[in-house]
Structure formats: structure tokens, C-alpha cells
Colleague: 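Here's a structure for you.
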2 protein chains.
Amino acid sequence: MSTYNGRMERADAARNRARILEAAAALFAERPPQDVTMDDIAKKAGVGRGTLYRRYPDRASIAVALLDEHERELQERLLRGEPPLGPGAPPADRLAAFYAAMVRLLEDHAHLVLGTEVGRSRFETGAYGFWRAHVRALLVAAGTPDPDALVEVLLAPLAPEVYGHQRTRLGLTPDRIIEALTRLTVLLRPGSS
Amino acid sequence: MSTYNGRMERADAARNRARILEAAAALFAERPPQDVTMDDIAKKAGVGRGTLYRRYPDRASIAVALLDEHERELQERLLRGEPPLGPGAPPADRLAAFYAAMVRLLEDHAHLVLGTEVGRSRFETGAYGFWRAHVRALLVAAGTPDPDALVEVLLAPLAPEVYGHQRTRLGLTPDRIIEALTRLTVLLRPGSS
DNA sequence: AGCTATGTGGACGCTGTGTCCACTTCACTA
DNA sequence: TAGTGAAGTGGACACAGCGTCCACATAGCT
């Protein structure tokens with residue numbers, strides 16, 4: 001029962017939306033997104049091309065929708081979960097926990113977004129805004145100067161392409177990546193101005 | 001007189017290569033790369049499609065070639081220039097200087113690469129390897145643990161998409177970006193293990 | 001049951017890609 | 001300076017994927 005453009009979505013439309021997402025997930029799992037055509041998705045979902053385009057103007061937006069589903073759960077934990085991920089712990093520790101959680105998320109779902117031209121649009125997704133707001137708040141809590149500029153620096157290493165590169169080309173393990181990211185938390189420790 | 005595949009490049013081929021690069025530079029300057037077709041470039045260069053494809057299999061490789069030209073000069077200064085960019089200064093200062101220089105480079109030329117699907121292939125360019133080797137050497141000189149993992153973290157904020165996002169969407173100034181990047185240099189300062 | 005806004009699907013035209021190959025030009029040799 | 005083969009050229013071609021469009025179907029209200 002989700003809403004579309006402020007008005008209730010028709011039942012058949014909702015059913016199709018679900019089928020599309022399901023089909024896309026299956027296809028993206030078996031081969032890189034850039035090799036999956038809109039037509040493939042439409043066929044697999046048992047839906048016409050026009051129906052597909054009605055909601056998702058391109059592959060990237062489907063990938064993003066899929067990713068959003070998984071991201072939402074982490075967002076919930078950041079807001080209301082246990083420390084150090086949720087509220088209560090010192091900012092530096094919360095950032096470390098956030099990094100660890102994001103790496104897990106990337107490990108599972110980065111492939112969804114890897115081949116797509118999300119490069120630029122990535123920053124426009126709701127999820128990115130959420131991560132930025134979260135980390136920015138941590139910076140503010142830590143009293144760090146110019147949080148707006150620093151946030152981007154702290155978020156950049158979480159770009160899916162960067163993660164994919166580290167894992168695939170360089171053969172780094174998730175743990176080593178987390179370790180490296182965690183070192184950034186010194187910037188939020190008291191007395192590092 | 002450059003060489004191609006180990007064998008001397010024929011004079012007409014060299015001339016065409018230059019014309020292609022020149023035409024591409026002009027076109028990329030007037031509109032985003034993804035709106036420039038291979039055909040546009042071939043036409044403007046006064047060259048057939050086949051000739052174009054002979055050396056540059058896609059738009060991205062042209063953009064990269066163009067970018068390489070500008071990057072080479074900075075590479076030279078890193079190797080043999082005056083401190084703090086060149087050898088002689090403490091690693092943290094050299095990293096700060098490197099960041100400032102890269103921001104200047106991005107400011108001038110990021111547009112070349114912004115619309116292209118260089119996202120993934122970016123890591124495979126010679127230039128990226130160079131930056132990585134440079135920063136890695138600085139990390140080693142500073143005695144930082146696991147330099148291989150940390151390098152990627154330090155380089156990630158220099159991704160053209162990230163830079164474009166900061167400048168365009170967020171309206172940050174180059175100076176503010178440099179400032180934020182410079183804070184990362186604490187990781188190379190003595191006694192931050 | 002009738003009505004209308006909403007949703008559907010596939011045929012269609014188009015744009016850009018990359019390949020292919022007959023032809024041209026170069027640079028070397030005698 | 002003419003001959004020769006290798007290297008380079010260019011545009012015609014076939015094709016794939018995109019996004020649109022619109023006649024038709026269906027849901028959900030009255």
C-alpha cells in the first residue's frame with residue numbers, strides 16, 4: 001500500500017511494481033547491471049516496456065530503488081538502534097560503527113549499483129542525503145570545524161566503485177577496509193581541532 | 001614522434017592522432033562528454049569513424065588520454081619539483097601540497113571525465129597508479145601501518161564525481177575543499193600510529 | 001452496471017555503436 | 001624513382017537498446 005505522487009496507487013500497479021523489482025533483483029544477481037537491458041527486466045517481470053518506463057526511467061533508478069530497500073534498515077538502526085551505532089556513544093565511535101555497517105552493506109549489495117551510471121546521480125538519492133546528514137551531525141557533535149566540507153571527504157571512500165576496486169582489483173578484505181576507514185575517526189576525537 | 005605498440009608510428013597516423021585529440025578537446029570544452037558522439041569527434045577531426053576507433057575504442061579512452069597530458073606535468077613536479085610538492089619536505093606536508101595541486105587539476109579538467117563512464121576504468125589508468133604509488137610512498141615514509149588499504153581512503157575524495165558534486169551541487173569553493181582534505185594529513189603526522 | 005482516471009504493453013522510429021573491408025598512403029628497397 | 005607490402009583510412013552497414021506513443025484494458029468509485 002504505498003502512495004504514488006500523493007494519490008493511492010492502484011492495486012495492479014503495486015503488484016507490477018513488486019514484480020519488476022523482483023525480476024530486476026534476480027537479473028542483477030546473475031550478471032552485471034549494465035548487461036541487463038530494460039527489455040530483459042520487462043520480459044522477466046512479464047510486463048510491457050511502457051509499464052516499466054512509467055516508474056523507472058532508467059536502469060540506475062531501479063538499482064537505486066533496490067538498494068534503498070536494504071539501506072532503510074540501516075538507517076533505522078542509526079536513528080534508534082543500540083550504541084555505538086545508535087545514539088549514546090561518542091561521535092568517533094559512532095562513526096567507526098557506521099563505517100563497519102556500511103562496509104557490510106556494500107559487501108552485500110554494491111554489485112547492484114556497480115555497472116550503472118549512478119556515479120553522478122548517486123549524490124541525489126535520498127540515501128546519500130541520509131548518510132551525509134548522519135555523519136554531519138556526528139561532526140557537529142564532535143565540534144569539528146566546517147562539517148559541510150569534511151563530510152564529503154569522509155563519505156567518499158564509501159563510493160561503490162571505490163569499494164569494488166578495493167575488493168576485486170586489490171584483493172583487500174572487508175576487515176582491512178574497515179580498519180583503514182576507522183583511522184579516519186581520529187578527526188572526531190577530542191583535541192584534534 | 002611517439003611509438004605505437006613498440007613500432008614507430010607512421011607520420012600520417014601521428015597527424016591524425018593529434019587532430020583527434022584536438023577536436024575532442026574542443027568538443028568536450030563546449031558540452032559534457034556524454035553528449036559528444038564518436039561521430040562528432042570523427043567529423044570535427046576530419047577523420048573517418050574507423051580511424052577513430054583504431055586507437056580509441058570509446059569516449060572514455062579519449063578523455064583519459066586528454067587528461068593524461070595534463071597530469072603528466074604534475075607527476076613531473078611530484079618527482080623532481082621543489083618541496084613541499086617534490087621530495088624533501090615531511091610526508092604530511094607533501095600530502096597537503098599534493099591535495100592542493102590535485103584540486104587545481106580537477107578544477108581545470110574534471111569536466112573532461114565527468115560524464116564519461118570512467119568510473120570503473122579510472123582505477124586502471126596509469127595516472128591513478130601513479131597517484132597511488134606516490135601517496136603510498138608518503139605513507140611508508142611516515143611509518144603508517146597498512147599503507148595499501150589507507151591509500152585508497154586518502155585518494156577516494158579526489159574522484160572527479162565527488163569533486164564535481166562538491167563544487168556544483170554543494171557550492172563549496174576549491175579552498176574549502178583543499179582545507180578539508182588537508183585535515184587528512186594528521187594521519188601522517190608523527191605519533192598518530 | 002456504467003464511467004473515468006489510471007495503468008498497460010508492444011510496435012515503432014531513432015540515435016549511436018562498433019565492425020568490416022576495399023582502398024589509399026607511407027616508408028623502405030633496389 | 002618505381003615497386004612493394006605493411007600500416008593506416010573512412011564510410012557503409014547491421015544491429016542493439018532506448019524511450020515514446022497511443023489504442024486498449026482494468027480498477028475502483030458512484
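Fair warning: this is a prediction, and the values are worked out from it, not measured in the lab. Chain A is the first sequence line, chain B the second, and so forth, proteins listed ahead of strands; every chain is numbered from 1.
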Colleague: Using the closest heavy atom to pick a nucleotide of DNA chain D for each, name whichever of A:Arg15 or A:Gly50 lands nearer the 5' end.
Modeller: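 The 5'-side residue here is A:Gly50.
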
Colleague: In whole angstrom, give the distance that lies between atom CG of B:Leu52 and atom P of D:dG8.
Modeller: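 Rounded to whole Å, this separation is 15 Å.
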
Colleague: Could you tell me how far apart A:Ile41 (CD1) and C:dG9 (C1') are, to the nearest whole angstrom?
Modeller: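 It works out to 16 Å between those atoms.
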
Colleague: Side chain of A:Asn16, heavy atoms from C-beta onward: which of D:dT9, C:dT17, C:dG9 has the nearest atom to it?
Modeller: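 Out of D:dT9, C:dT17, C:dG9, the nucleotide with an atom closest to A:Asn16's side chain is C:dG9.
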
Colleague: Using atom CG of A:Asp35 as one end and atom C1' of D:dA16 as the other, report the distance to the nearest whole Å.
Modeller: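 Roughly 13 Å, once rounded to whole Å.
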
Colleague: For A:Thr51, which contact category applies under a 4.0 Å heavy-atom criterion: base, sugar-phosphate, or nothing?
Modeller: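 It contacts base atoms.
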
Colleague: Is there a side-chain polar atom (N or O) of A:Arg49 under 4.0 Å from OP1 or OP2 of D:dC22?
Modeller: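 No, A:Arg49 has no side-chain N/O under 4.0 Å of OP1/OP2 on D:dC22.
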
Colleague: For the residue pair B:Tyr128 and B:Phe123, categorise the inter-ring angle as parallel (less than 30°), tilted (30 to 60°) or perpendicular (more than 60°).
Modeller: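 Geometry flag for B:Phe123 against B:Tyr128: perpendicular rings.
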
Colleague: Classify the nucleic acid contact of B:Ala11 as base, sugar-phosphate or nothing, counting any heavy atom under 4.0 Å across all strands shown.
Modeller: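 Sugar-phosphate, no base atom in range.
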
Colleague: Rounded to the nearest Å, what distance is computed from the CZ atom of residue B:Arg19 to the C1' atom of nucleotide D:dG10?
Modeller: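 Atom-to-atom, B:Arg19 to D:dG10, this comes out as 13 Å.
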
Colleague: Quick one: A:Arg55 CZ to D:dG19 P, roughly how many Å, whole number?
Modeller: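 Rounded to the whole Å, the gap is 17 Å.
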
Colleague: Less than 4.0 angstrom from a charged side-chain N to a carboxylate O is my criterion; do B:Asp40 and B:Lys44 meet it?
Modeller: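 No, this pair does not count.
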
Colleague: Let me know the distance between CE of B:Met38 and P of C:dG16, rounded to the nearest Å.
Modeller: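 Distance, rounded to whole Å: 13 Å.
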
Colleague: Could you check whether the rings of B:His134 and B:Phe130 sit parallel, tilted or perpendicular, using 30° and 60° as the cut-offs?
Modeller: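 B:His134 and B:Phe130: parallel rings.
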
Colleague: Any idea which heavy atoms bring A:Trp131 and A:Leu155 closest together, and the distance?
Modeller: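 Scanning both residues completely, I find the closest heavy atoms to be C-CD2, 4.1 Å.
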
Colleague: Kindly point out which of D:dC18, D:dG10, C:dT25 is positioned nearest to the side chain of B:Val47?
Modeller: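 My answer, after comparing the listed nucleotides, is D:dG10.
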
Colleague: Looking at B:Arg169 and A:Glu124, is any side-chain nitrogen of the basic one under 4.0 Å from a carboxylate oxygen of the acidic one?
Modeller: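 Salt bridge between A:Glu124 and B:Arg169, a charged N being under 4.0 Å from a carboxylate O: yes.
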
Colleague: For B:Arg59, answer base if it contacts any base atom (sugar-phosphate contacts may also be present), sugar-phosphate if it contacts only those atoms, and nothing otherwise; contact means non-hydrogen atoms under 4.0 Å.
Modeller: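 Answer is sugar-phosphate: B:Arg59 comes under 4.0 Å of backbone atoms only.
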
Colleague: Report the distance from atom OH of B:Tyr53 to atom C1' of D:dG8, rounded to the nearest whole Å.
Modeller: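 Going from B:Tyr53 (OH) to D:dG8 (C1'), I get 18 Å.
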
Colleague: Considering only D:dG19, C:dT8, D:dG17, which nucleotide approaches the side chain of A:Asp58 most closely?
Modeller: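 Nucleotide nearest to A:Asp58's side chain: D:dG19.
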
Colleague: Can you tell which of D:dT9, D:dT20, C:dG7 lies closest to the side chain of A:Arg54?
Modeller: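 For the A:Arg54 side chain, the nearest candidate turns out to be C:dG7.
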
Colleague: What is the distance from CG of B:Asp39 to P of D:dA12, rounded to the nearest Å?
Modeller: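 So the two atoms are 11 Å apart, to the nearest Å.
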
